[in-house]
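For reference, the structure is listed below as structure tokens.
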Protein chains: 2
Amino acid sequence: MSKKQNKRQIILDEAAKLFKLKGFGGTSMRDLAGEVGMEAASMYNHIKSKDEILEHLCFHVSDTYIAQLAQVEQMRGSNGDKLKELLRLHIHLMLEDGAAVSVANNDWKYLTSDKLELFKAARKQYEKGFAMLIENGIAEGEFQPVNASVALFTILSAVRWVELWYRPGRGVTAQELEQDIMTILLNGLAKKQ
Amino acid sequence: MSKKQNKRQIILDEAAKLFKLKGFGGTSMRDLAGEVGMEAASMYNHIKSKDEILEHLCFHVSDTYIAQLAQVEQMRGSNGDKLKELLRLHIHLMLEDGAAVSVANNDWKYLTSDKLELFKAARKQYEKGFAMLIENGIAEGEFQPVNASVALFTILSAVRWVELWYRPGRGVTAQELEQDIMTILLNGLAKKQ
DNA sequence: AGCATTAACTAACAAATGTTAGTTAATGCT
DNA sequence: AGCATTAACTAACATTTGTTAGTTAATGCT
């Protein structure tokens with residue numbers, strides 16, 4: 001039983017890496033099997049289907065994001081503090097589970113119909129909670145009076161490059177990264193005068 | 001001859017839309033043919049291969065970006081002004097040719113080997129020019145002293161959602177959009193105090 | 001009118017795809 | 001020791017894929 005869990009996890013991890021590299025459609029079960037060190041057919045002892053792999057990866061990410069949102073919502077502090085913390089957690093998942101996040105960002109559209117709807121709903125829920133923090137911040141005069149949706153997507157997109165770009169040995173630490181991104185997004189690139 | 005150009009363009013445009021919607025791998029030549037209103041085999045009177053379609057779309061985008069960079073580089077004005085203008089042009093292409101930009105952003109990895117290298121080189125050239133503006137701005141004390149690469153990718157990513165999200169009838173005009181994105185990226189979301 | 005080109009079609013191909021069936025050796029429980 | 005389960009294998013399947021061959025009607029030039 002523990003062995004089974006283990007092999008399944010290896011398949012899922014390897015799938016995340018391959019899907020990130022070559023896309024869901026561009027990755028065949030034989031490719032994946034080669035990476036795992038097994039025949040394609042053998043993997044079906046551990047997983048139900050190729051679609052199930054995709055579902056697992058996508059919902060792992062969306063579930064985590066929603067849990068993080070719930071966690072931040074019951075924090076106390078300013079909207080700026082909450083936004084900062086949610087963003088920090090958001091970036092943190094990217095650094096920790098980059099391949100899965102990449103799949104959830106790029107290959108979610110290949111989910112089959114009912115799962116696709118579920119995923120889109122989850123994403124919308126997350127975005128809604130995120131937007132609420134921004135709207136509250138604007139209403140309370142804490143943030144600049146921009147369109148909240150525009151701010152939301154600008155921020156969420158702004159951090160998406162992290163999973164494509166960040167590698168530990170790149171001369172930028174995770175702390176610097178977080179700090180600089182926060183600076184740019186909250187304080188802006190231009191110097192205050 | 002003009003007819004041929006026309007049909008070819010229809011195929012390319014329709015391909016951009018489909019690739020954006022379902023990905024390069026997820027779009028079959030028969031799907032595309034159905035959209036164009038033609039049998040799959042008939043399209044080969046107008047295009048060389050499925051790969052050629054992808055190449056055309058990707059290089060159309062990278063060529064445009066590089067031309068825009070060259071245009072801005074010979075402007076006079078502050079680094080902030082140049083950065084603003086380059087970003088404005090960048091967003092403009094997204095609004096004008098969203099599907100092609102989407103393909104260049106998401107499906108470039110399916111380019112075949114030599115074209116893939118060419119595309120990556122073009123992208124690197126664009127990023128290098130973009131980064132130079134930021135570095136100059138920092139050196140001249142115009143921008144905050146952040147890591148230039150982090151700033152570069154944060155800005156370039158920040159605007160990527162536009163092609164996924166923007167639709168004319170969404171209550172936000174292109175002008176508002178540009179303005180708000182500039183505000184957030186250059187001045188920051190937080191109010192100056 | 002005669003001819004060459006264009007652009008559509010149908011039919012078919014070879015390769016690749018996700019998946020199932022059937023088999024077999026190893027492992028662990030009673 | 002005997003039995004059930006697990007997890008690997010090979011072989012094969014039905015589809016789908018990108019693409020080519022061969023044909024045919026329409027178009028336009030001389």
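Order of the sequence lines fixes the chain letters, A, B, ..., with proteins taken first and strands second; residue numbering starts at 1 for each chain.
Summary of the strand contacts: A:Arg30 and A:Ala40 both lie near DNA chain D, and taking for each the nucleotide with the nearest heavy atom, the more 5' one is attributed to A:Ala40. Judged by closest nucleotide on DNA chain C, A:Asp31 is the one of A:Ala41 and A:Asp31 placed further toward the 5' end.
Counting to the nearest Å, the P atom of D:dA8 and the CE atom of A:Met43 are 11 Å from each other. As rounded to whole Å, 10 Å separates atom P of D:dG18 from atom CD1 of B:Ile53. Rounded to a whole Å, the CD atom of A:Glu39 is 5 Å from the P atom of D:dT10. Taking atom CG of residue A:Leu32 and atom C1' of nucleotide C:dG18, one finds them 12 Å apart after rounding to whole Å. In this structure, A:Leu18 atom CG and C:dT17 atom C1' are separated by 16 Å, rounded to whole Å. Distance B:Phe19 CZ to D:dG18 P: 9 Å, rounded to the nearest Å. Taking atom CG of A:Asn45 as the reference point, atom C1' of D:dT10 lies 14 Å away to the nearest angstrom. The separation between B:Glu52 atom CD and D:dT20 atom C1' is 16 Å, rounded to whole Å.
In this model, the phosphate group of C:dA8 is approached by a side-chain N or O of B:Lys7 to a distance below 4.0 Å at OP1 or OP2. B:His46 has a side-chain polar atom (N or O) that falls below the 4.0 Å cut-off from OP1 or OP2 of C:dA8. At C:dA7, none of the side-chain N or O atoms of B:Ser42 fall inside 4.0 Å of OP1 or OP2 (strictly under the cut-off).
Summarising the base pairing, C:dC3 is matched to D:dG28 through a Watson-Crick or G-U wobble pair whose two defining distances lie under 3.5 Å. When both distances must be under 3.5 Å, the Watson-Crick or G-U wobble mate of D:dT15 is C:dA16. Base pairing analysis places D:dT23 opposite C:dA8; the two distances defining the Watson-Crick or G-U wobble pair are each below 3.5 Å.
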Steps toward salt bridge (charged side-chain N to carboxylate O under 4.0 Å, His left out) verdict (B:Lys17, B:Glu14): CA-CA 5 Å; B:Lys17 284 192 236 166; B:Glu14 220 58 49; 3.4 Å; yes

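Counting only heavy atoms from C-beta on, A:Lys50 has its side chain closest to C:dG18 among D:dT10, C:dG18, D:dT19. Taking only side-chain atoms of B:Tyr44, from C-beta outward, the nucleotide of D:dT20, D:dA8, C:dA8 with the closest atom is D:dT20.
Looking at heavy-atom distances under 4.0 Å, B:Ser28 makes contact with sugar-phosphate atoms alone, never a base.
You'll find the side chain of B:Ser62 stays beyond 4.5 Å of the side chain of B:Tyr126, heavy atoms only. Put simply, the side chain of B:Lys20 reaches to within 4.5 Å of the side chain of B:Glu163, judged on heavy atoms.
Counting non-hydrogen atoms of neighbouring residues, nucleotides and ligands closer than 6.0 angstrom, the NZ atom of A:Lys84 reaches no more than 12 such neighbours.
The ring of A:Tyr65 has its center no closer than 6.0 angstrom to the ring center of A:His60.
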